[in-house]
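Along the sequence shown, the residues carry numbers beginning at 1.
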Amino acid sequence: DVDGAAADTVAEEISDVGGHALAVRADVASLSSCQEMARRATDHFGRIDGLINNAAIFATIPISRVGFQDIGEEEWDRVMDVNVKGVWFCCRAVAPAMEEREQGSIVNIASGTALNGSAGRIHYVASKAAIVGFSRVLARELGPHNVRVNTLAPGSTLSEDNPTEEILRLRRANVGGRALQRVERPEDLVGTALYLLSDLSAFVTGQMIVVGGGDTMH
């Protein structure tokens, strides 16, 4: 996490329930930072079996919800640096070790907004659409090394720790368009992520799975 203290807190929570975790302060928009993260993870655990690229600018670091003509160039570039370049850098940092072992799974987090073209925040939606294409190309390039690359696309998810009334209103507004009519929460994504990381999906690569309660069907 770019917030080192927050990373430490999560690692402690994992350890408290019997898990094994390493907290690393890292900025995914920096290749050297990603490489250091991968090095420390390898030193600590012995190898890297899987990578989930979930870092993105959207909620914790707010961005503008405005029309495409009103987004500043600096904000556009920052979203692309983290949401797209960050995925590229993390994959570059981790893939060599996976290729050497000829085993590994990469799960890139996109968004259902890339499929339905939600109005506003076009920079965020464009960045998540880029992840879909990126993942398919990477699946082709890493496939000969038995490294799989898939995309998980969440629907509108209540991921904020202390959501404002406005955030709650926005999340609830999406419920009516779903086959499963309730607010989506982070835990709804866990099963699919574990499936894509595990050998249960050993012959699945280059695919996108939408986890949005049936808000988008394809």
Applied to residues 90-116, the salt bridge (Lys or Arg N to Asp or Glu O under 4.0 Å) test, sequence neighbours excluded, yields Asp49-Arg101
Met80-Ile71 co-clustered via ILVMFWY side chain contacts under 4.5 Å: yes
Taking every non-hydrogen atom, the tightest pair across Ala130 and Val84: CB-CG2, 4.1 Å
Once rounded to the nearest 0.5 Å, what's the spacing between atom CZ of Phe89 and atom CG of Asn53? 12.5 Å
Would you name the heavy atoms of Val125 and Ala114 that are closest together and state the gap between them? CG1-CA, 4.0 Å
Linking I/L/V/M/F/W/Y whenever any side-chain heavy atoms sit under 4.5 Å apart, do Val87 and Leu142 land together? yes
How close do Val132 and Met208 get, heavy atom to heavy atom, and via which atoms? CG2-SD, 3.8 Å
Distance-only, no hydrogens or angles: does the Asp77 side chain make a donor-acceptor pair with backbone N or O of Glu74 under 3.5 Å? no
With rounding to the nearest 0.5 Å, note down the distance linking CD in Glu73 to NE2 in His123. 12.5 Å
Does Asp43 have more than 12 heavy atoms from other residues, nucleotides or ligands lying within 6.0 Å of its CG? yes
Under a 4.0 Å N-O cut-off, is there an ion pair linking Arg39 with Glu36? yes
Taking a hydrophobic cluster as the set of Ile, Leu, Val, Met, Phe, Trp and Tyr residues connected by side-chain heavy atoms closer than 4.5 Å, whether directly or through intermediates, do Leu138 and Val107 fall within one such cluster? no
What distance separates Cys90 SG from Gln35 CD, expressed to the nearest 0.5 Å? 10.5 Å
Decide whether Val137 and Ile109 are clustered together by the hydrophobic rule: side chain heavy atoms of Ile, Leu, Val, Met, Phe, Trp, Tyr closer than 4.5 Å, transitively. no
Any side chain to side chain donor-acceptor pair (under 3.5 Å) involving residues 127-137? Give me the pairs, sequence neighbours left out, ordered by first then second residue. Asn83-Ser127, Asn108-Ser135, Ser135-Thr151
How long is the straight-line distance from CD of Gln207 back to CZ of Arg148, given to the nearest 0.5 Å? 11.0 Å
To check you understand the geometry: which heavy-atom pair defines the closest contact between Ala110 and Pro154, and what is its length? O-CD, 3.4 Å
Transitively linked via ILVMFWY side-chain contacts under 4.5 Å: Leu152 with Ile131? no
What verdict does the side-chain contact (heavy atoms from CB on, under 4.5 Å) test give for Glu184 and Arg178, after you've listed the backbone C-alpha separation in whole Å, the side-chain angles of each residue and the deciding distance to 0.1 Å? CA-CA 10 Å; Glu184 183 170 359; Arg178 290 176 169 157; 3.4 Å; yes
Considering non-hydrogen atoms only, spot the tightest contact between Val211 and Asp188 and give its length. CG1-O, 3.6 Å
Rounded to the nearest 0.5 angstrom, the CD1-OG distance for Ile209 and Ser201 is 7.5 Å
Extract all donor-acceptor atom pairs below 3.5 Å that involve side chains of residues 20-31 and protein atoms in other chains or at least two apart in sequence.
{"residue": "His20", "atom": "NE2", "partner": "His44", "partner atom": "NE2", "Å": "3.1"}
{"residue": "Arg25", "atom": "NE", "partner": "Val2", "partner atom": "O", "Å": "3.3"}
{"residue": "Asp27", "atom": "OD1", "partner": "Ala29", "partner atom": "N", "Å": "3.0"}
{"residue": "Ser30", "atom": "OG", "partner": "Ser32", "partner atom": "OG", "Å": "3.1"}
{"residue": "Ser30", "atom": "OG", "partner": "Ser33", "partner atom": "N", "Å": "3.2"}

What's the shortest heavy-atom distance between Phe134 and Trp88, and which atoms? CZ-CA, 3.7 Å
To the nearest 0.5 angstrom, please state how far the CG atom of Asn146 sits from the CE atom of Met98. 11.5 Å
Do the side chain of Ser105 and the main chain of Gly50 share a donor and acceptor less than 3.5 angstrom apart? no
Are Leu197 and Ile52 close enough, and set up right, to give a side-chain contact (heavy atoms from CB on, under 4.5 Å), and what steps lead you there? CA-CA 9 Å; Leu197 286 173; Ile52 297 181; 3.7 Å; yes
